[in-house]
Amino acid sequence: PPPPHLPGIEAPCMDMKKVSNVITQHCRVHRFLQISKDDVTALQCKVVCLIQNGSFKEALSVINTHTKVLSSDVIAFEKAYCEYRLNRIENALKTIQSASQQTDKLKELYGQVLYRLERYDECLAAYRDLIRNSQDEYEEERKTNLSAVVAAQSTWERVMPENLGLREATYELCYNNACALIGQGKLNEAMKKLQKAEELCRQSLSEDSDVTEEDIEAELAIIHGQMAYIMQLQGRTEDALQLYNQIIKLKPTDVGLLAVIANNIITINKDQNVFDSKKKVKLTNAEGVEHKLSKKQLQAIEFNKALLAMYTNQAEQCRKLSASLQSQSPEHLLPVLIQAAQLCREKQHTKAIGLLQDFAEQHPANAAEIKLTMAQLKIAQGSVTKACMILRSIEELQHKPGMVSALVTMYSHEEDIDSAIEVFTQAIQWYQQFQPESPVHLSLIREAANFKLKHGRKKEAISDLEELWKQNPKDVHTLAQLISAYSLVDPEKAKVLSKHLPSSDTMSLKVDVDALENSHGATYVRKKAGKLTGDNQQKEQGQGEVKKKKKKKKGKLPKNYDPKVTPDPERWLPMRERSYYRGRKKGKKKDQVGKGTQGSTTAASSELDASRTASSPPTSPRPGSAAAVSAASNVIPPRHQKPAGAPATKKKQQQKKKKGGKGGW
């Protein structure tokens, strides 16, 4: 998240009677020093003028050059302030601690230095002392700084902040309280605080006529950035992304805010929209970012750079960044996990597992998470048994229900029932030794019994169920399971145990039958039950009214139905399966379609047929009598015969086919 708001220390300045204008004063001091080079007041004035002009290096050079004249007691604050502004925080701390007299100005600067060094406990004590022992016009600024320290503790150190009782009179205080709430995970309350801070900021800035709307939006950028961060945590990534991009379009001058927003956009993009992420990375490399953000923020940005390099297939860049991170934080998990992920992308799973194994041996405190990753890689390779061995080597997780469930599932997949039962046994023994009264203990025993019954280990299951029943003799469910198991092994024992079951009277539940029957959804069941009981009474008594039979509707007859003609007994069979079916007749359209060139008609073909002309001589008759020839000429050929009783239907079928046929030639 963006850092808390921390007002800075005002630059040192001499009395306004002595220094009315920085440039004019600097010129006068320069002339005076030409006459008297070692005058303390003149040198001090020169240092203050250089600081007011922003020339911190020159001011520090003057102080270091005249160390004999400008002692630490005289100019300790000015020297420490120059070192602070030049980001030499450790040197500034030493300068403040070496001062013989701790003034209020030095204490203010001391609090700022401790905050930059992330020594929040000491910083909180310093600001409390300042607020308690000082009364001036800077009280609101000190309270704002105090709330910033509390917010940083809540965000980075996960410390539950104490109620300081500060009245949220300014938008800075309201913003810092919202940051503290985010650290506690109270996102909805934090969003309300940020909305209130936005209102207060608009009110305070709108009172100044010289402040434009653009200036107000620039001041609100850090509040809007924190709002977008809350949206991102709540899963509203689209809204968060839209607000992030609006802030970037404003081009705020705070490089720290821009770096945080760019990093958050990269985390939303992940492995998608990589081109946009590569553009946003440039904002995280701006000059001075390392002095604006905390160590954890800078570390998170570097992690995301390494992941982006992996997603963009920049293997060498990814290895370089992850190696650098590992050298900075040798015990941190993410650098070695990123290296292993890169090796897996390169299909070097064995090398990745070896890298993780080495890290687990060197850092036993973090071995559990590393071994979980190793087991996942083994499963991806198909080595389920080896993955189980790795998981069982994590001693601090062996008794956890999630670990037991995972191991039993994996062993069952490998059909290694003995190992699965052994996992149950070890977990049960651990709870018997350390947490015998835990509900997880009884739950594991029950799950083990069910597993054994499922896989045919009845005797072992019976011993577990007996243990459960001994611990809670009133548990009817366990007793029922025990009787069911004994019925498969020892029916006599099951009968004896069944005597311990409660009677039906004691097990009856107080149920309002009328309310249950009148409840929604019970109407259909009640009606159906009533019908069944009525039928049963009629059968038993043999009395009562006979149930009316529904009249069957007569089927519709075809329009051409003739009751005098017997219907075809084969009418239900397909035409191809009927006894009188002879197949489709070939040459049916012989007279209609010509065999000549395209476009010729049957009339033209009949005219050109010489056999049909009167002048053509008759064909020579076959051997036989003339009567036979004349009789044969009157007989219809078999192919042209139609089955009896079917000519009308055939004709209709042909007409239908002609009507429904496709057009064209």
Side-chain angles (χ1 to χ4, degrees), residues 3-15 44 48 51 56 63 71-184 193 197 291-296:
H5 186 82
L6 188 71
I9 299 293
E10 289 194 1
C13 184
M14 302 293 287
D15 190 357
Q44 192 174 4
V48 171
I51 291 173
F56 303 110
I63 294 171
S71 61
S72 58
D73 295 335
V74 176
I75 206 164
F77 175 74
E78 287 79 0
K79 182 181 180 181
Y81 184 80
C82 289
E83 291 170 338
Y84 172 79
R85 293 299 301 270
L86 292 171
N87 296 308
R88 302 172 186 176
I89 309 301
E90 294 289 348
N91 294 339
L93 180 63
K94 291 178 181 178
T95 302
I96 293 170
Q97 290 175 341
S98 63
S100 58
Q101 186 179 0
Q102 295 292 324
T103 61
D104 288 343
K105 293 190 297 182
L106 277 174
K107 289 179 180 179
E108 296 271 6
L109 185 56
Y110 180 61
Q112 292 273 2
V113 168
L114 291 174
Y115 183 87
R116 288 284 300 275
L117 292 173
E118 299 183 17
R119 292 161 61 173
Y120 299 122
D121 292 335
E122 299 175 48
C123 182
L124 190 66
Y127 277 118
R128 276 180 170 167
D129 181 64
L130 274 169
I131 293 171
R132 192 182 301 113
N133 299 320
S134 61
Q135 291 181 352
D136 51 24
E137 66 273 16
Y138 297 111
E139 185 178 358
E140 285 295 329
E141 281 77 3
R142 294 189 186 99
K143 289 181 179 179
T144 302
N145 289 355
L146 183 66
S147 66
V149 177
V150 172
Q153 281 184 318
S154 175
T155 305
W156 309 125
E157 297 181 352
R158 302 299 178 187
V159 175
M160 183 62 67
E162 56 182 303
N163 187 9
L164 301 174
L166 300 176
R167 190 171 60 88
E168 296 174 353
T170 62
Y171 72 91
E172 293 95 343
L173 271 170
C174 202
Y175 171 82
N176 288 342
N177 289 341
C179 293
L181 289 171
I182 292 173
Q184 300 173 56
K193 292 283 184 186
H291 306 304
K292 292 284 186 178
L293 303 178
S294 66
K295 292 178 182 178
K296 289 190 176 181

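Along the sequence shown, residues carry numbers from 1. Computed from a predicted model, the values in this text were never measured in an experiment.
Of all heavy-atom pairs spanning Ala180 and Ser154, the tightest one is O-OG, 2.9 Å. Closest of all the heavy-atom pairs between Cys123 and Val149 is SG-CG2, 3.4 Å. Nearest heavy atom pair, residue Ala99 against residue Ala76, reads CB-CB, 3.9 Å. Between Glu78 and Ile63, the shortest heavy-atom contact is C-CD1, 4.2 Å.
In this view, Lys79 satisfies the salt bridge (charged side-chain N to carboxylate O under 4.0 Å, His left out) rule with no residue, not counting sequence neighbours. In this structure Arg88 satisfies the salt bridge (charged side-chain N to carboxylate O under 4.0 Å, His left out) test with no other residue, sequence neighbours excluded. Glu118 is linked by a side chain to side chain contact (heavy atoms under 4.5 Å, CB included) to Tyr120, Ser294, Lys295, counting only residues two or more places apart in sequence or in another chain. Remark: Asp129 engages Lys107, Arg132, Asn133 in a side chain to side chain contact (heavy atoms under 4.5 Å, CB included) (not counting sequence neighbours). Take Asp136 and apply the side chain to side chain contact (heavy atoms under 4.5 Å, CB included) test, not counting sequence neighbours, and it matches Tyr138, Arg142. For Glu157, the salt bridge (charged side-chain N to carboxylate O under 4.0 Å, His left out) test picks out no residue, with sequence neighbours left out.
Side-chain atoms of Asn176 come within 3.5 Å of backbone N or O of Thr144 as a donor-acceptor pair. A donor-acceptor contact shorter than 3.5 Å links the side chain of Gln102 to the backbone of Ile96. A donor-acceptor pair is defined here as one N or O able to donate and one able to accept, closer than 3.5 Å; no such pair exists between the side chain of Lys105 and the backbone of Phe77.
Between Leu93 atom CG and Leu109 atom CG the span is 9.5 Å, to the nearest 0.5 Å. Atom OH of residue Tyr127 and atom CD of residue Gln112 lie 4.0 Å apart, to the nearest 0.5 angstrom. If you take CD on Glu90 and CG on Leu117, they are separated by 5.0 Å, rounding to the nearest 0.5 Å. Taken to the nearest 0.5 Å, the CG atom of Leu166 stands 7.0 Å off from the CG atom of Asn177. Atom CZ of residue Phe56 and atom CG of residue Asn87 lie 10.5 Å apart, to the nearest 0.5 angstrom. Atoms CG and CZ, on Leu130 and Arg128 in that order, are 13.0 Å from each other to the nearest 0.5 Å.
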So Val150 and Leu124, side chain to side chain contact (heavy atoms under 4.5 Å, CB included) or not? Walk me through it.
-> CA-CA 8 Å; Val150 172; Leu124 190 66; 3.8 Å; yes
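Contact check on Glu139 versus Lys143 returns a salt bridge, with a Lys/Arg side-chain nitrogen under 4.0 Å from an Asp/Glu carboxylate oxygen.
A side-chain donor from one of Glu83 and Thr95 sits under 3.5 Å from a side-chain acceptor of the other.
Here the side chains of Lys296 and Thr155 are not in contact, with every heavy-atom distance at 4.5 Å or above. Put simply, the side chain of Glu141 does not reach to within 4.5 Å of the side chain of Glu108, judged on heavy atoms. Annotation: side chain of Gln184 is in contact with side chain of Leu181 (closest heavy-atom distance under 4.5 Å). For the pair Asp121 and Gln153, the minimum side-chain heavy-atom distance is below 4.5 Å.
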